[in-house]
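Since the structure comes first, as C-alpha cells, the remarks are kept for the end.
Counting starts at 1 for both ligands and their atoms, following the listed order. Position 1 is the first residue of the sequence; numbering continues from there.
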Amino acid sequence: MSSDIRIEHVTKVYSSNGRSLKAVDDISMEINDSEFICIVGPSGCGKSTLLRMIAGLEPVSSGEILMGGKKITSPSPEIGFVFQEYTLFPWRTVGKNVEFGLELKRVPPQERERVVAKYLDMVGLSRFKDSYPHQLSGGMRQRTAIARTLAVNPKILLMDEPFGALDAQTRNILQEQLLDIWHKEKKKVLFVTHNVDEAVFLADKVVVMTARPGRIKEIIDIEIPRPRERTETEVNKVRNVILKSLFEEVQKLSDH
Ligand code: ADP
Ligand code: MG
C-alpha cells in the first residue's frame, strides 16, 4: 500500500498568553515514495512546527495531513523523527538505545539483536555497541539516533536540522552516509536545514519557505545525478538560485 504523505492546506496557529501567532499558513505538498526533500527557510518560519505536525506530535489548526490516505493524528512507528539535539537515553548503551523502539514494539529478543546489529553496522558503530552516549562524539551520537529511528522501520524519516550542531567535516561525512542509507532503505526523507549547501547536496527537491507565517515560496527540483560534487558548476547554479530566494525572505525579517 502506498504510504505517500499528503499535506493539504495545513495552517498552524499557536495561542499563548491570550495572543495568537500564525506559524504555518496554508501549506500543501506531497512526499512520494523514496523522495528526498529538503526544507529551507528563515528561522521562525515554522519548519519545526511543520515536521512536528507530520509526526503527529502537534495538532494542525486547519487542513489535514494524510499518510497512505489516512489522517495522521498521533505519533506512530511508521514515522521516524531525528532531532537536532542529541536525544539518546544517557543511561542506555548505544546498542540499547537502538533497541529501544523494538522493545516497545515487543519484537522478540533474537530478532531485536539481529536488527540492532544491522543498523549499527549501517551507521558504522558496531564496535561501539556497548559504549554509553557520553563516550561518543557528536557525530557518533547522531548516527546512533539515526540507527535508533531506522530500527523500527518507519516509512518516512523526518529530520530537523540533524547535523546542525556538528562541525563541517563530520557533517559532510554524515550527509554521504545518509544518502547511502537512503539508497539502501528506499525511505522517504523530509529534512530541514538552514544550510543551503547541505540541501543542494542531498535533495531531489528543495522547498523554500517564506518568512513567518511560513508558506511555500517555491519548490526547486534538483536533477543533478549523485554523487554530487560540491564544487561542480551545476551545483553552484542551483545553490545560487536557492540562496537568492532565501535571502529575500531573511531580508523581510530585518525590514520589520
Ligand atoms: P523554525 O523551526 O522554522 O525556526 P518553529 O516552527 O520552531 O520555526 O517556530 C515557528 C514560530 O512559532 C516561531 O515564531 C515560534 O516562536 C513559534 N512557536 C513554536 N512553537 C511554539 C509553541 N509551542 N507555542 C507558541 N509558539 C510557538
Ligand atoms: Mg526549527
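Crowding of Lys184 atom NZ: a count of heavy atoms from other residues, nucleotides or ligands under 6.0 Å exceeding 12. More than 12 heavy atoms of other residues, nucleotides or ligands sit less than 6.0 Å from atom OH of Tyr14. Residue-environment remark: CZ (Arg6) stays at or below the threshold of 12 foreign heavy atoms within 6.0 Å. Annotation: Lys70, atom NZ; neighbour count of heavy atoms from other residues, nucleotides and ligands within 6.0 Å does not exceed 12.
Proximity of atom 24 (N) of ligand 1 to the protein is indicated by at least one non-hydrogen atom lying closer than 4.0 angstrom. Closer than 4.0 Å to atom 15 (C) of ligand 1 lies none of the heavy atoms of the protein.
Residue-to-ligand polar distances keep Glu58 apart from ligand 1: every N/O pair is separated by 3.5 Å or more. Between Cys45 and ligand 1, a contact under 3.5 Å exists for at least one N or O pair.
Ligand 1 lies out of reach of Gly41, whose nearest heavy atom is not under 4.0 Å from it.
Using a 4.0 Å cut-off between heavy atoms, Arg212 contacts ligand 1 through its side chain alone, with no backbone atom that close. At a heavy-atom cutoff of 4.0 Å, ligand 1 is contacted by no atom of Val192, backbone or side chain. At a heavy-atom distance under 4.0 Å, only side-chain atoms of Arg52, from C-beta outward, approach ligand 1.
Using bins of under 30°, 30° to 60° and over 60° for the plane-to-plane angle, the ring pair Trp91/Phe89 lands in the tilted bin.
With salt bridges taken as basic N to acidic carboxylate O contacts below 4.0 Å, none links Glu111 and Lys105.
Within the listing of ligand 1, atoms 4 (O) sit less than 4.0 angstrom from a heavy atom of Ser43.
Of all heavy-atom pairs between Lys12 and Ser61, the closest is CA-OG, 3.4 Å.
If you check which protein heavy atom lies closest to atom 19 (C) of ligand 1, you get Tyr14 CE1, 3.5 Å. Nearest protein neighbour of atom 7 (O) of ligand 1, counting heavy atoms only, is Ser48 CB, 3.8 Å.
The side-chain tip of Arg230 points at the ring of Phe201 from less than 6.0 angstrom away and within 45° of straight on.
Atom 4 (O) of ligand 1 has its nearest heavy-atom neighbour, among Gly44, Gly214, Gly46, Ala211, in Gly44. The option with the heavy atom closest to atom 6 (O) of ligand 1, from among Val13, Asn17, Thr49, is Thr49.
At a threshold of 2.8 Å, the Mg ion (ligand 2) has no backbone or side-chain N, O or S atom of Ser43 nearer than that distance.
Under a hydrophobic clustering in which Ile, Leu, Val, Met, Phe, Trp and Tyr are joined whenever their side-chain heavy atoms come within less than 4.5 Å, directly or via other members, Val208 and Phe191 fall into different clusters.
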